[in-house]
Amino acid sequence: MMKKEHKYIFVIGGVMSGVGKGVTTASIGKVLQANGYKVNLVKVDPYLNVDAGTMNPVEHGETFVLRSGLETDQDMGNYERFLGRDLPPENYVTSGMVYRDVIERERNLEYDGKCVEAIPHIRDEIVNRMERAAMVNGSQISVIEIGGTVGDFQNAMFIEAARLMKARNPHDVLFVMVTYLPIPPKVGEMKTKPTQNAIRQLNSYGVQPDFIIGRSEEYVDERRKGKIAEQCNIRTDHVISAPDIESIYDVPLNLEKDNFSGIILAQLGLKKKHKKADMEQWERFAHKAHNPKKEVRIAVVGKYFSSGDFVLSDVYISVIEALKFSAFALDAKPVLTWISSQDFESGKLKISELKKYDGVVVPGGFGTTGIEGILMAITYVREHTIPYLGLCYGMQLAVIEYARTVAGIKNATTREVDKGAEHLVINIMEDQKEKLEKKRYGGTMRLGVYPANLKKGSLARSIYRTDTVEERHRHRYEVNPKYVSLLEDAGLVFSGRSPDGTLMEIVELPKTIHPFFLATQFHPELQARPLDPHPLFTGFIKACLQS
Ligand code: GLN
């Protein structure tokens, strides 16, 4: 049963992938929210992985962890950032989840001896999941992005499920197609034919798009809007222009130039709650993003950095955005330099290069590559009082560095690098051992939100201005409790701990020793929002600007 009066907007890609369907979906959500509606953003990924946690980030981009602990696609991060709120696990659906549940039910004889088939069983499971996502958190509109492009074999079942939902409730479901309009350099004009073909392809599924969002380098002019409209049975004012722009945060503002929210709400039979979408705060943020008064130079040190900028921005998208939000709030523009820690190890890059930067970030990571180079960088920034922010692995390595260089535990290391080492300052968490031994890797890390208590008088507590916080996690290893008092005696401060006091969540150095040396076992970047920058990132950028 479809939830009464709930509206569903399906976003489907045409022509090619990689043209910003995720950001467009997030922006549609934003402008509808700005009209006073509670919007749910849902991502459908057609792959057979049950979640995004087992995929290589270099190939697939960052794994975004929800509050619940579900490991999802990076688009979910954009959705949360645009809406400014947490999204529930129901809002992420993969083919893997759908097939797993259907097969499990079949094994339990829940289909009464019937032949279990893609249609109706897989399709109906998809419809159920869409409806379940609509039921959570009292939302009125779901905007559902179907991954991939029309014509892909993999996403056909999802489009079929959407078609069925429209057939059952024609007034509550609509389709938006995000297409690409190329401007071939030799031709010099924008071509609409690939878009026309993509729409026909969608028609062959029994689906007619209600809106076309035309992505291109330029604005889609009236003539071309008219051509698409005529060829594809769409109203001209339902062809929306989405040209390339400098910042993804301008996309919602741009959609509103074509009065998108007004038209789409009318199509859904919903009232516009305000005369004009309330985008004031967002506009202020976008204005600050475009008008920084100064620069802040940040080196990000880690591995995975050899694939060029293109891939990097996808692997560390939440870290990059978190740095931006805090910098913009302080009227600064972050200028990021990616430094591969192996270059320090090989001597290709001198460690003193780090002097050039206002601050250094070591983001999360896994494995053994480039670890010694990162440790060299941490020693340098600690000794030269350059602001340091360590995230997850960046905290574990800060602890190892301190153990080796200050506390005198010369061969301190993490079990992730050397299982049999004498001093495992970072060790596997007790409940993780069995999972690794049995090779149960998928979805088994310590994931999602956990609380931490902050130490009185610490830097962390002064930045957060509270005594407990809830942050999102994704790790298997922890500071070995056996070494805590030894490290404390050597001057390291464990300023955040799990409520039972056993798990170290934040380490720092006193302000009298270093202006900003702080690292977290959790991932604060996952909760940073454009209109609500994360205090730790803001504290870090402030220190960078003062250094
Ligand atoms: N590899 C480390 C662990 O599993 C850190 C994980 C991370 O940085 N996300 O604990």
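Read the numbers this way: they start at 1 and go in the same order the structure lists the ligands and their atoms. Quick note: numbers below take in every heavy atom, side chains included, and nothing from hydrogens, waters or symmetry partners.
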* Got the closest protein heavy atom to atom 4 (O) of ligand 1, with its distance? -> Arg476 N, 3.1 Å
* With backbone taken as N, CA, C and O and side chain as the heavy atoms from C-beta onward, which portion of His475 lies under 4.0 Å from ligand 1: side chain, backbone, both, or neither? -> both
* To do: Identify, by atom number and element, the atoms of ligand 1 in contact range of Gly364, meaning under 4.0 Å from any of its heavy atoms.
  => 8 (O)
* Could you please spell out the steps behind the side-chain hydrogen bond (donor to acceptor under 3.5 Å, both in side chains) verdict for Ser318 and Arg81? => CA-CA 9 Å; Ser318 292; Arg81 289 187 279 270; 3.0 Å; yes
* Structure fact -> atom 1 (N) of ligand 1: closest protein heavy atom, distance to 0.1 Å, is Glu416 OE1, 2.7 Å
* Quick one: pull up CD1 in Ile506 and OG in Ser458 and give me the separation to the nearest 0.5 Å. => 7.0 Å
* atom 8 (O) of ligand 1: the protein heavy-atom neighbour that sits closest, reported with distance to 0.1 Å -> Gly365 N, 2.9 Å
* Could you tell me the separation between the CG atom of Leu389 and the CD atom of Glu525, rounded to the nearest 0.5 Å? => 8.5 Å
* Structure fact -> To the nearest 0.5 Å, atom OH of Tyr99 lies from atom CD of Glu104 at 16.0 Å
* Non-hydrogen atom of Gln396 closer than 4.0 Å to ligand 1 -> yes
* **Tyr47 ring center near His60 ring center (under 6.0 Å)** => yes
* **His384 and Tyr380 aromatic ring geometry - parallel, tilted or perpendicular at 30°/60° bounds** => parallel
* Asked: Nearest 0.5 Å, what's the CD1-CZ distance between Ile317 and Phe64?
  -> 9.5 Å
* Does ligand 1 have an atom under 4.0 Å from some heavy atom of His523? -> yes
* So is Gln521 polar-close to ligand 1, meaning N/O to N/O under 3.5 Å? -> no
* Structure fact -> Ranking Tyr477, Phe366, Tyr393 by closest non-hydrogen atom to atom 10 (O) of ligand 1, top hit is Tyr477
* Can you tell me which residue and heavy atom of the protein come closest to atom 7 (C) of ligand 1, and the distance to 0.1 Å? -> Cys392 SG, 2.9 Å
* What heavy-atom pair brings Val178 and Val19 nearest, and what distance separates the two atoms? -> CG1-CG2, 4.4 Å
* Asked: Which protein heavy atom lies closest to atom 9 (N) of ligand 1, and at what distance to 0.1 Å?
  -> Arg474 O, 3.0 Å
